[in-house]
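Residue numbers begin at 1 in each chain, while the letters A, B, ... track the order of the sequences.
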2 protein chains.
Amino acid sequence: MEPVFVHFDEVRPFELAEGVIGRPLFGEGAMLNVIEFEPGATVPLHSHPHEQLGLVLRGMQALVVDDVAHELGPMEGYVLPGGVEHSAYCGPDGALVLDVFRPVRDDYRDRWESESA
Amino acid sequence: MEPVFVHFDEVRPFELAEGVIGRPLFGEGAMLNVIEFEPGATVPLHSHPHEQLGLVLRGMQALVVDDVAHELGPMEGYVLPGGVEHSAYCGPDGALVLDVFRPVRDDYRDRWESESA
């Protein structure tokens, strides 16, 4: 692939969960996903084989693993190895988070591309 | 590996180039690196087999590829496929950038771990 440069404001969003949207940028073996939580939005417990890393950009995102809530503010980061069950919730002002997945989430790519139709 | 949660302010920095420091977070097959450019700092032309993705958090980072400067501000992102030669410079106020590498940069891990001695 060729180098890609984007402004995330110009990336079409797709819905990850109710009140949670993502704006993806796909590489070859990894991807970025800028996700925005509306106040009160949550992501239900789930897992995926993909490794997930991330950084909180604004607000608070809590990642719940093994019933322990890790409440993360700006400039706090994380690594969730593949297969680790997790859920998420945000603070009263919502949250803006950069997620990284390795490898690329083909399920996200399929959904994102299909929503462009 | 186990899940990891960190505040990047508490991650020991290492020097990437004169006036450019990084704070890494290592996953299994990918890594984050929060890099901070002092005003006027530059990264000389180089390449690596690792795919690189990233997001500008503050200030301006220009990525120069094939003699074309891509000046990126906050919430602008990029994908540089492995092997693409690139250099970088920043704006007058420096820059804060999140870089992602896939796979992990073992050269960074070796340097970062050796500097803890």
Should [X] and [Y] be regarded as members of a common hydrophobic cluster, given that ILVMFWY residues are connected when their side-chain heavy atoms come within less than 4.5 Å of each other, either directly or indirectly?
X        : Y       : answer
A:Val84  : A:Tyr89 : no
A:Val100 : A:Met1  : yes
A:Val64  : A:Leu72 : no

Can you check whether anything in residues 52-60 of chain A gets within less than 4.5 Å of chain B, heavy-atom wise, and list it by number?
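A:Leu53, A:Gly54, A:Leu55, A:Leu57 fall under the 4.5 Å cut-off.
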Please list, in residue-number order, every residue in residues 18-35 of chain A that has a heavy atom less than 4.5 Å from any heavy atom of chain B; write 'none' if there are none.
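Those residues of residues 18-35 of chain A which have a heavy atom under 4.5 Å from chain B are A:Leu25, A:Phe26, A:Gly27, A:Glu28, A:Gly29, A:Ala30, A:Met31, A:Leu32, A:Val34.
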Looking only at heavy atoms and a cut-off of under 4.5 Å, which of B:Gly82, B:Pro81, B:Pro74 has the most pairs with chain A?
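Result: the option with the highest number of such pairs is B:Pro81.
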Where on B:Pro103 is there a heavy atom nearer than 4.5 Å to chain A: the side chain, the backbone, both, or neither?
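Looking at B:Pro103, nothing touches chain A.
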With a 4.5 angstrom heavy-atom cut-off, could you sort out which part of B:Val6 is near chain A: side chain, backbone, both or neither?
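Interface part for B:Val6: both.
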Might you point out which heavy atoms bring B:His7 and A:Met75 nearest each other, and give the distance in Å?
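Looking at all heavy atoms of both residues, the closest pair is ND1-O, 3.5 Å.
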In this structure, are over 12 heavy atoms from other groups packed under 6.0 Å from B:Asp66 atom CG?
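Result for CG/B:Asp66: open.
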Distance from A:Glu2 atom CD to B:Leu80 atom CG, nearest 0.5 Å?
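Answer for the CD-CG pair, A:Glu2 versus B:Leu80, is 11.0 Å.
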Starting at NE2 of A:His70, measure out to CZ of B:Phe5 and round the result to the nearest 0.5 Å.
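Between atom NE2 of A:His70 and atom CZ of B:Phe5 there are 4.0 Å.
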With a 4.5 Å cut-off on side-chain heavy atoms, are B:Val104 and A:Arg102 touching?
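A side-chain contact is absent here, since even the closest heavy-atom pair is not under 4.5 Å.
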